[in-house]
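Here the structure comes first, spelled out in structure tokens, and everything after it is commentary.
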Amino acid sequence: MADLTIESIGKKKPSSIKGDVWLTCIECGEAYPPFDFVIYRCQKCRGLLEVRYANLPKFEDFSGRGVWRYSASLPFEKGVSIKEGDTPLYTVPRIETEIGIDTLRVKHEGMNPTGSFKDRGMTVGVRVVQELGVERLACASTGNTSASLAAYGSRAGLEVIVLLPAGKVAMGKVAQASLHGAKILQLDGNFDECLDIVTKLANEGEVYLLNSVNPFRLEGQKTIGFEILEQSLEEVGRYPDRIVLPVGNAGNTAALYKGFRELVASGALKVEEVPKITAIQAEGASPVVEAIKSGKGQVERWSDVETKATAIRIGNPVNAPKALPAIRETKGTAISVSDEEILAAQCELAEEGIGVEPASAASIAGLKKLRSQGVIEDGEYVVCLATGVLLKDPDAASFARDAPREIPASVEAVMQAILNS
Ligand code: F0G
């Protein structure tokens, strides 16, 4: 039986394991060596795997900058790095006042090297590839994973194949994957179908899979949570009560929780200090919200998904078995928001100088909705995760406001246009 309670990470190493790092099935507890062979799921029950360590981190073990500051909680000292992590925690005074909570901050993961949080996972994931000695990397993607894998894979000198749902990936992301040299295959299907296909290829040994079903990706991504805790203590003077994040494949949700469970197990964090993990999905792609609302133990796959927040246009979140306990055990919640609410929140963030892609704004849109429903208390300190930068999706940004006007090239015409705006 799966045990993903907050206090479920123990220090005890299984007798079959030699080193200080291993993989454990979250469903049946079977343990595997981390780098002897390629493995994505439990060979016995197909459950998701989790990276486990003999030594769990305390805050004083962290030193340096970026993702690798947290190497005491990672499988390696160093990775294939393009200086990822260390992203800003922004104040948003106008949105904070409007929502009417004590403190609101936006953790802008779009400030990573390729413009999204995926870089935190790839710096670790591509390092694992070097350990395993594979050469052809692949992912299915709504765009950001492909951009990040293309950059990190090419930095490591490896071949990268990306499978994208044709016509449903924002232009900036395709441009990145292309320039970094990935082979881009646009499939006549949605993200979930792309993931089904690339998973089959990975299981046949044709490619090494770097989607978030790969447990090492999530190790890098859990550092978002560590950074939020450290920055919060320094800049706000306390830990957040809640972290609100956009959810697609639910990797980040799982990763944040994993990091917090490790800190609890090491004694660095009290159970009651763990922030409430609060998941936001787009209405047209919200199977996690459905599962949380109905109290189900599993997420049911949605075959038809649609949203302008294309990054989270996902109907079969592969990390749901890790993410549902993350939301429930931390006393968080899940809610869906409309595309209109998402785009309005994107504009509000832009008015505070913070440029994000639509999916990222789902966290602010969700927070507003939860607040209006009375779920968020007045005194809360909330961190909203912004997952990708504005330039990822220039089309969405260009049509957010009035179209630029064409006028004659004269001082008079310019002045007239300014006054008549
Ligand atoms: N926000 C952005 C900007 C994303 O690109 C993604 C996922 C998410 C949120 C959701 O994160 O999957 O951990 O719940 N993008 C993936 C991709 C699926 O292929 O780029 P999650």
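Numbers for residues simply follow the sequence, beginning at 1. In each ligand, atom 1 is the first atom listed, and ligand 1 is the first ligand listed. Bear in mind the structure is a predicted one, so any value in this text is a computation, not a measurement.
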Just jot down the ligand 1 atoms closer than 4.0 angstrom to any heavy atom of [X], in number order.
X      : result
Val247 : 14 (O)
Ala311 : 2 (C), 3 (C), 4 (C), 5 (O), 6 (C), 7 (C), 15 (N)
Asn249 : 12 (O), 14 (O), 21 (P)
Thr142 : 15 (N), 16 (C), 17 (C), 18 (C), 19 (O), 20 (O)
Gly143 : 19 (O), 20 (O)
Ile314 : 18 (C)
Thr145 : 16 (C), 17 (C), 19 (O), 20 (O)
Glu357 : 3 (C)

Worksheet item: What distance separates Ile354 CD1 from Glu352 CD, expressed to the nearest 0.5 Å?
Response: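 Between Ile354 CD1 and Glu352 CD, I get 6.5 Å after rounding to 0.5 Å.
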Worksheet item: From Arg301 CZ over to Asn316 CG, what is the distance, rounded to the nearest 0.5 angstrom?
Response: 4.5 Å
Worksheet item: Quick one: is the NZ or CZ of Arg261 closer than 6.0 Å to the six-membered ring centre of Tyr257, and within 45° of its axis?
Response: yes
For [atom], find the nearest protein heavy atom and state the residue, atom name and distance (0.1 Å precision).
atom                    : answer
atom 1 (N) of ligand 1  : Thr387 OG1, 2.7 Å
atom 7 (C) of ligand 1  : Lys118 NZ, 3.0 Å
atom 10 (C) of ligand 1 : Gly248 N, 3.4 Å

Practice prompt. Name the orientation class of the two ring planes belonging to Tyr70 and Phe62 (parallel below 30°, tilted from 30 to 60°, perpendicular beyond 60°).
Written response: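 Because their plane-to-plane angle is over 60°, the rings of Tyr70 and Phe62 count as perpendicular.
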Discussion item. Can you classify the ring geometry of Tyr40 versus Tyr208 as parallel (below 30°), tilted (30 to 60°) or perpendicular (above 60°)?
Written reply: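 Tyr40 and Tyr208: tilted rings.
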Worksheet item: Taking atom 13 (O) of ligand 1 as the point of reference, which of Asn211, Thr310, Asn252 owns the nearest heavy atom?
Response: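 Answer by nearest heavy atom: Asn252.
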Worksheet item: Looking at the rings of Tyr239 and Phe260, which for Trp means the six-membered one, are their centres under 6.0 Å apart?
Response: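 Centroid separation for Tyr239 and Phe260: 6.0 Å or greater.
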Worksheet item: Between Ser212 and Arg217, do the side chains contain an N or O donor and an N or O acceptor separated by less than 3.5 Å?
Response: no
Worksheet entry | Given Leu74, Val129, Leu23, Val126, the one that forms side-chain contact (heavy atoms from CB on, under 4.5 Å) with Phe216 | Leu23
Discussion item. Test of understanding: given a 4.0 Å heavy-atom threshold, classify the contact between Asn319 and ligand 1 as side chain, backbone, both, or neither.
Written reply: neither
Item to complete: Of the side chain and backbone of Leu245, name the one, both, or neither that has a heavy atom under 4.0 Å from an atom of ligand 1.
Response: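 For Leu245, there is no contact with ligand 1 at all, from either part.
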Check contact between [X] and ligand 1, using heavy atoms of the residue and a distance below 4.0 angstrom.
X      : result
Ile312 : yes
Ser116 : no
Ala250 : yes

Discussion item. For Lys293, is the NZ atom crowded, meaning more than 12 foreign heavy atoms sit under 6.0 Å from it?
Written reply: yes
Worksheet entry | More than 12 heavy atoms of other groups within 6.0 Å of Glu60 CD | yes
Has ligand 1 got any nitrogen or oxygen that is less than 3.5 angstrom from a nitrogen or oxygen of [X]?
X      : value
Phe117 : no
Asn144 : yes
Ser141 : yes

Worksheet item: With no hydrogens and no angle check, is any side-chain donor or acceptor of Glu283 less than 3.5 Å from a backbone partner on Ser336?
Response: no
Discussion item. Between Glu27 and Lys44, does any NZ, NE, NH1 or NH2 come within less than 4.0 Å of an OD or OE carboxylate oxygen?
Written reply: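 Between Glu27 and Lys44 there is no salt bridge, as every charged N stays at least 4.0 Å from the carboxylate O atoms.
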